[in-house]
J.: 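Attaching a single structure in structure tokens format; questions to follow.
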Amino acid sequence: TVIVMLGSMAGSMKEAQGYIGPIYILVILTGVITMSMDPASSLSLYAVPVLNLIFSIKAILLSQASIQALLITVSVNLLIVIALTWLTSRIYNSERILGKS
């Protein structure tokens, strides 16, 4: 939803790639940095949007997933998707976006 929202605000394909490029880099760097982290000591790490997915997938693959951590991950990500989808729909309903095409 972040990519759709940023792409919708851009005026051209090149501008959209400029907005989205740093997001891709941030997600990749987060994945690399968290390889040696262990979130088992603190469930609050599961409330951070990109980190929670990485930690949850890692825990599932290692058969160490807890129900609490998975519920936090799903609920946080669901709330973020709902909020960003709402914002994206607001962008598409604005006159500024409709006048671009």
J.: In this structure, would Ile23 and Leu29 fall into the same cluster of hydrophobic residues linked by side-chain contacts under 4.5 Å?
T.: no
J.: Treating Lys58 as the side-chain partner and Gln64 as the backbone partner, does any N or O pair qualify as donor plus acceptor under 3.5 Å?
T.: no
J.: Report the distance from atom CG of Asn77 to atom CG of Leu53, rounding to the nearest 0.5 Å.
T.: 4.5 Å
J.: Got a second to check how far Leu71's CG is from Leu43's CG, nearest 0.5 Å?
T.: 10.5 Å
J.: With a sphere of 6.0 Å drawn around CG of Leu62, does it hold more than 12 non-hydrogen atoms of other residues, nucleotides or ligands?
T.: yes
J.: Are Tyr19 and Ile3 connected, step by step, through hydrophobic side chains (Ile, Leu, Val, Met, Phe, Trp, Tyr) whose heavy atoms are closer than 4.5 Å?
T.: yes
J.: Out of curiosity, does Met5 fall in the hydrophobic cluster containing Tyr24 (side-chain heavy atoms, cut-off under 4.5 Å, transitive links)?
T.: yes
J.: Taking all non-hydrogen atoms of both residues, which atom of Ala16 and which atom of Gly7 are closest, and how far apart?
T.: CB-CA, 4.1 Å
J.: Using side chain to side chain contact (heavy atoms under 4.5 Å, CB included) as the criterion, point out the one residue from Ser66, Ser56, Ser75 that pairs with Tyr46.
T.: Ser56
J.: Can you name the residues that form a side-chain contact (heavy atoms from CB on, under 4.5 Å) with Val50, not counting sequence neighbours?
T.: Val27, Thr30, Ile54
J.: Quick check on the hydrophobic clustering: are Ile91 and Trp86 connected, directly or via other members, by side-chain heavy-atom contacts under 4.5 Å?
T.: yes
J.: How long is the gap from CD1 on Ile82 to CG on Leu87, to the nearest 0.5 Å?
T.: 12.5 Å
J.: Nearest 0.5 Å please: distance from the CZ atom of Arg90 over to the CG atom of Asn93.
T.: 7.5 Å
J.: Any donor and acceptor pair, going by atom type alone, linking the side chain of Thr34 with main-chain N or O of Met37 inside 3.5 Å?
T.: no
J.: List in chain and number order the residues that pass side-chain contact (heavy atoms from CB on, under 4.5 Å) with Val76, two or more places apart in sequence or in another chain; answer none if no residue qualifies.
T.: Ala47, Asn52, Ile72, Ile80
J.: So how far is it from Ile20 CD1 to Ile25 CD1, rounded to the nearest 0.5 Å?
T.: 12.5 Å
J.: Rounded at 0.5 Å granularity, tell me how far CG in Leu6 sits from CD in Glu15.
T.: 10.5 Å
J.: With sequence neighbours excluded, what pairs up with Ile60 under the side-chain contact (heavy atoms from CB on, under 4.5 Å) test?
T.: Ala65, Leu70
